[in-house]
Enquirer: 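The structure follows.
Naming convention: chains lettered A, B, ... in sequence-line order (proteins, then strands); numbering from 1 in each chain. Hydrogens, waters and symmetry mates are skipped; everything else that's a heavy atom, side chains included, is used.
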Number of protein chains: 2
Amino acid sequence: MARKAGSVGEETAERVRLAALKLFAGKGYAAVSMREIAAGVGLQAGALYNHFPTKQAILADLMVAHMEALIAAWEVESRKFATPVAALEGFVRFHIRYHLSRGDEVFISYMELRNLEPENFVRIEGLRKYYEGFLRKILQAGAASGSFSIADVPVAAMALIAMLTGLNTWFRAGGRLSVDEVEEIYVKMALGSVMPGGIMQGSSDGAARGLTAAGS
Amino acid sequence: MARKAGSVGEETAERVRLAALKLFAGKGYAAVSMREIAAGVGLQAGALYNHFPTKQAILADLMVAHMEALIAAWEVESRKFATPVAALEGFVRFHIRYHLSRGDEVFISYMELRNLEPENFVRIEGLRKYYEGFLRKILQAGAASGSFSIADVPVAAMALIAMLTGLNTWFRAGGRLSVDEVEEIYVKMALGSVMPGGIMQGSSDGAARGLTAAGS
DNA sequence: GTCTATACTCGGATAGAC
DNA sequence: GTCTATCCGAGTATAGAC
């Protein structure tokens, strides 16, 4: 936030962000000192204050940037999908890929909320709610059209988001399964959890299948 | 761990655990001082060291106690269920109720792992894996019998656990929905995510429905 | 078992020279 | 913009009196 494009100091500020991101994600915000961050950039601690007024401002900057980028990315991606079913599948795939590729940002955005002053906390929480609203709208549309069988849209949205984001806590690249494989599994589980027709075997071939409602 | 039953000091130690639990859950382990914990018990900081050798020992004690109690509770509860489908429904209900009733313990056990020294970390992680194993066994049995359609049992187990535990991050008693209502929704979603028959409308009346496999 | 007092280290943040 | 030096508060943990 508030970056002066083209200025020399902005390059240093960006390196500060990167070093702080790694350290916060690895040890936790409270356990990281300004001296450590400075060392990661090759500076003395005092020099950090030319770029950020406080330690918490660095954290808030990282979180806001992450949430805004996430929202912007989905706003582009979401244009591809015409039906609620396609949109849900697209959301699952997008959320998984985006979050797995930004592990550090996701980690601090979910773990360090309580280290924010109220003003920053409210702002980040608002952005998060806004992002969750995308999924709620998809589920609402599908429930209205009969594609989904959902007892409570806000609850279903939170359940799905938690399931998807949970991937970040255990998935490691180079393990038994690839991202693509895990993504397919999650798509099936997510769709199965809200669709009256249940799990569709071999449903991973495209995003634009039309599904008519099938009551219980 | 290592409690001397009946001793006078154990009462104080228990009060220390309680105060530390509340503080760790509220502000984060790293942000809580021994002075704060002592004040919560009505002691001076130095007196804490009569009961715990270090600050981290308090954290590890709380985590181990939580995980062992959780495992013991499920080992009792699990005897009630005869089929994989009933066991999965029972697990979902148990996990939700147990975790929502121990919000503080759950919170620190998931958030403060990185503040543990390797020895303690390995121990807690082992207990967590052991608990997750309960769900894996249920899913494996159901997949073998044809009740479930699961592409990968370990992945499905992690996805379900994340969905269930995620409840703790947003559910608040006294809100729009009761625990019972949310529990029903999660049961349907969890079963729907792994059952080829999909969501069963009105499936919340009991835990022992027999379900025969129904392929796609 | 608890107290007071304190050793020792480290934290965030600032001032002023260059 | 970065450096060195420093302020000042707070951290964990210990020592010894009671």
Enquirer: Going by the angle between their ring planes, with limits at 30° and 60°, are F91(A) and W74(A) parallel, tilted or perpendicular?
Expert: perpendicular
Enquirer: State, with a plain yes or no, whether a side-chain heavy atom of L127(A) is found less than 4.5 Å away from one of M63(A).
Expert: no
Enquirer: Compare the minimum distances between each of dC3(C), dA13(C), dA13(D) and the side chain of Y49(B), then state the nucleotide with the smallest one.
Expert: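 So the nucleotide nearest the side chain must be dA13(D).
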Enquirer: Compare the minimum distances between each of dC3(D), dT2(C), dT12(D) and the side chain of A47(A), then state the nucleotide with the smallest one.
Expert: dC3(D)
Enquirer: Indicate, with yes or no, if the rings of Y110(B) and H66(B) have centres closer together than 6.0 Å.
Expert: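 Centroid separation for Y110(B) and H66(B): 6.0 Å or greater.
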Enquirer: Return the value, rounded to whole Å, for the distance between atom CG of N115(A) and atom C1' of dG12(C).
Expert: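 After rounding, the reported distance stands at 14 Å.
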Enquirer: When the distance from CD1 of I37(B) to P of dT12(D) is rounded to whole Å, what number comes out?
Expert: 7 Å
Enquirer: Any side-chain N or O of S33(A) below 4.0 angstrom from OP1/OP2 of dC10(C)?
Expert: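 S33(A) to dC10(C) OP1/OP2: no side-chain N or O under 4.0 Å.
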Enquirer: Nearest whole Å is fine: how far is dG1(C) P from L48(B) CG?
Expert: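 The answer, rounded to whole Å, is 13 Å.
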Enquirer: For a quick check of understanding: with a heavy-atom distance under 4.0 Å over all strands, which category does V41(B) fall into, base, sugar-phosphate or nothing?
Expert: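 Counting heavy atoms under 4.0 Å across all strands, no contact is made by V41(B).
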Enquirer: Tell me whether the NZ or CZ atom of K55(B) lies within the 45° cone about the ring axis of Y29(B) and under 6.0 Å from its centre.
Expert: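 Ring-cation test returns yes.
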Enquirer: Of the candidate nucleotides dT2(C), dT4(C), dT2(D), which contains the atom at the shortest distance from the side chain of Q44(B)?
Expert: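 Out of dT2(C), dT4(C), dT2(D), the nucleotide with an atom closest to Q44(B)'s side chain is dT4(C).
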Enquirer: dT2(C), dA13(C), dC3(D): which one has an atom nearest the side-chain heavy atoms of L43(B)?
Expert: dT2(C)
Enquirer: Let me know the distance between CD of Q56(A) and C1' of dA13(C), rounded to the nearest Å.
Expert: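 It works out to 14 Å between those atoms.
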Enquirer: Select from R15(B) and M34(A) the residue whose nearest nucleotide in DNA chain C is closer to the 5' end of that strand.
Expert: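 Between the two, 5'-proximity favours R15(B).
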Enquirer: Please determine, for the side chain of R35(A), which listed nucleotide (dT6(D), dC3(C), dA13(D)) has the closest atom?
Expert: dT6(D)
Enquirer: Would you say T12(B) reaches dT2(C)'s phosphate, i.e. side-chain N/O to OP1/OP2 under 4.0 Å?
Expert: yes
